[in-house]
Protein chains: 2
Amino acid sequence: MKKDTIIDLQRVENESFEGNNCPMTNALKIIGGKWKLQLLNSIRKECPLRFGELKRKMQDITQATLTLQLRELERDGIIERKIYAETPPRVEYKLTELGKKLIPAIEALCTFGDAYCAARPNN
Amino acid sequence: MKKDTIIDLQRVENESFEGNNCPMTNALKIIGGKWKLQLLNSIRKECPLRFGELKRKMQDITQATLTLQLRELERDGIIERKIYAETPPRVEYKLTELGKKLIPAIEALCTFGDAYCAARPNN
DNA sequence: CAGGATCCCAAGTGATACTG
DNA sequence: CAGTATCACTTGGGATCCTG
């Protein structure tokens, strides 16, 4: 599907190349999902957080999607999933050490979100 | 289509509500496109930047998509489009003052991207 | 060179029902 | 409570061709 991932070496050596080794591209592989950043922002502020609480906070997300996004973050080593053998079941999510490295970026984005709202109230 | 945007007031008053007024949600409205962050990252590092240069850096993007993403960023007040009346035509893109407020977030994401790569080389 | 105009598809989501 | 399993569908983005 992906046309070809062959990298033009001549261009790789050019410092202006923004190909697959670009740090931003790598970051986007992790936080690229539609809900990932909101999820991480919630978990960051309240850690750990249960499945049901996350669902309530996201309000428009469906369970299926929420589960999928959380699984991907877990697979990528960003969050940790802890299951408690109780009835009713309880599952808590928290940031891993690697995930915590995203906190500065998340906070910076929130800062921008506020600034943007202040500058353009009608968006 | 959007089920309903009616907001449960009881929940709005709850400090744990992460609804439509969440700063992260607002930020995502702006940087939510597939290429937006990469584009902004490129323009940040080399400003101003021409259309053709952006296209080369993104390498896998099509012209149509590139144009669309740039237009959206322009509409949202993040970048500025400057047309030079020359032949062949020249169009340059640069960050607006509002757009520059995204720089810390972009840099933080790049930092994370590098850290992530170092921690998990095989992703 | 920097787009505009179309057509089109698959991935990502949503809705719904069921379960340990 | 915290999922899993299907099915259906929207839409962002890709391919392609055309133009001032």
Side-chain angles (χ1 to χ4, degrees), chain A residues 1-6 16 20 25 28-39 42-43 46 48-76 79-94, chain B residues 1-6 16 19-20 25 28-40 42-43 46 48-76 79-94:
Chain A
M1 234 79 305
K2 262 235 150 175
K3 221 26 183 312
D4 60 336
T5 319
I6 297 166
S16 73
N20 291 334
T25 303
L28 284 171
K29 285 179 195 162
I30 310 304
I31 52 100
K34 180 173 180 182
W35 303 91
K36 299 260 178 80
L37 281 171
Q38 276 115 318
L39 287 173
S42 289
I43 299 178
E46 201 175 331
L49 211 43
R50 298 184 56 170
F51 184 86
E53 293 178 286
L54 276 169
K55 173 140 181 44
R56 245 179 298 109
K57 286 172 194 298
M58 299 297 111
Q59 78 168 5
D60 272 343
I61 201 173
T62 52
Q63 284 198 350
T65 300
L66 176 55
T67 299
L68 184 63
Q69 304 272 317
L70 286 170
R71 287 294 194 283
E72 289 180 5
L73 287 172
E74 187 191 4
R75 169 177 52 77
D76 291 336
I79 62 174
E80 206 173 322
R81 183 162 169 264
K82 193 165 186 179
I83 309 164
Y84 293 84
E86 307 172 353
T87 35
R90 179 156 64 106
V91 178
E92 285 182 351
Y93 294 90
K94 51 180 287 203
Chain B
M1 235 79 304
K2 261 237 150 173
K3 209 52 170 305
D4 60 336
T5 320
I6 298 165
S16 75
N20 291 334
T25 303
L28 284 172
K29 285 179 194 161
I30 310 305
I31 52 100
K34 180 174 180 181
W35 303 91
K36 298 260 177 80
L37 282 172
Q38 277 115 317
L39 286 173
L40 292 171
S42 289
I43 299 178
E46 201 175 330
L49 212 43
R50 298 185 56 170
F51 184 86
E53 293 178 286
L54 275 170
K55 171 135 183 45
R56 244 180 300 107
K57 286 173 193 297
M58 298 298 111
Q59 75 168 7
D60 272 343
I61 201 173
T62 53
Q63 284 198 349
T65 300
L66 176 56
T67 299
L68 184 63
Q69 303 272 314
L70 287 170
R71 287 293 195 283
E72 289 179 3
L73 286 171
E74 187 191 4
R75 168 177 53 78
D76 291 336
I79 62 174
E80 205 174 322
R81 184 161 168 263
K82 192 165 185 179
I83 309 165
Y84 293 84
E86 307 173 351
T87 34
R90 179 158 62 108
V91 178
E92 285 181 351
Y93 295 90
K94 52 181 284 203

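Just the heavy atoms: all of them, side chains too, but no hydrogens, waters or symmetry mates, feed the values below. Just so we're on the same page: letters track the sequence lines, and every chain starts at 1.
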| Test item: B:Trp35 and B:Asp60 side chains (from C-beta on) under 4.5 Å apart, heavy atoms | yes
| request: Rounded off to whole Å, could you give me the CG-to-P distance for the B:Leu54 and C:dA2 pair? | output: 9 Å
| field | Summary of protein contacts for nucleotides 2-9 of chain D, nucleotide by nucleotide, where a base hit scores B, a sugar-phosphate-only hit scores S (4.0 Å, heavy atoms) | value | SBBB----
| message | Are the side chains of B:Pro48 and B:Glu80 in contact, using a 4.5 Å heavy-atom criterion? | response | no
| said: Could you tell me how far apart A:Leu68 (CG) and C:dA15 (C1') are, to the nearest whole angstrom? | reply: 16 Å
| Minimum heavy-atom distance between B:Ser42 and B:Leu54, given as atom pair plus value | CB-CD2, 4.1 Å
| Quick one: does A:Leu70's side chain get under 4.5 Å of A:Arg81's, heavy atoms only? | no
| said: Contact between B:Gln38 and B:Lys57 at the side-chain level, heavy atoms closer than 4.5 Å - yes or no? | reply: no
| query | Expressed in angstrom and rounded to an integer, what is the separation of B:Asp60 atom CG from D:dG13 atom P? | reply | 14 Å
| field | Phosphate OP1/OP2 of D:dG14 contacted by B:Thr65 side-chain N/O (<4.0 Å) | value | yes
| query | CD1 of B:Ile61 versus P of D:dG13: gap in Å, rounded? | reply | 9 Å
| said: Any side-chain N or O of B:Lys34 below 4.0 angstrom from OP1/OP2 of D:dG14? | reply: yes
| request: Compare all side-chain heavy atoms of B:Met58 with those of B:Leu39 and state whether any distance is below 4.5 angstrom. | output: yes
| message | From CG of B:Leu66 over to C1' of D:dG12, roughly how many Å is that when rounded to an integer? | response | 15 Å
| Nearest-Å distance, CD (B:Glu74) to P (C:dA2)? | 15 Å
| query | Across the strands shown, which category fits B:Gln69 at heavy-atom distances under 4.0 angstrom: base, sugar-phosphate, nothing? | reply | sugar-phosphate
| task | Decide if atom NZ of B:Lys94 counts as having more than 12 heavy atoms of other residues, nucleotides or ligands within a radius under 6.0 Å. | result | no
| note | B:Ile83 atom CD1 is separated from C:dG4 atom C1', nearest whole Å, by 14 Å
| message | I need the NZ-P distance between B:Lys55 and C:dC1, as an integer number of Å. | response | 12 Å
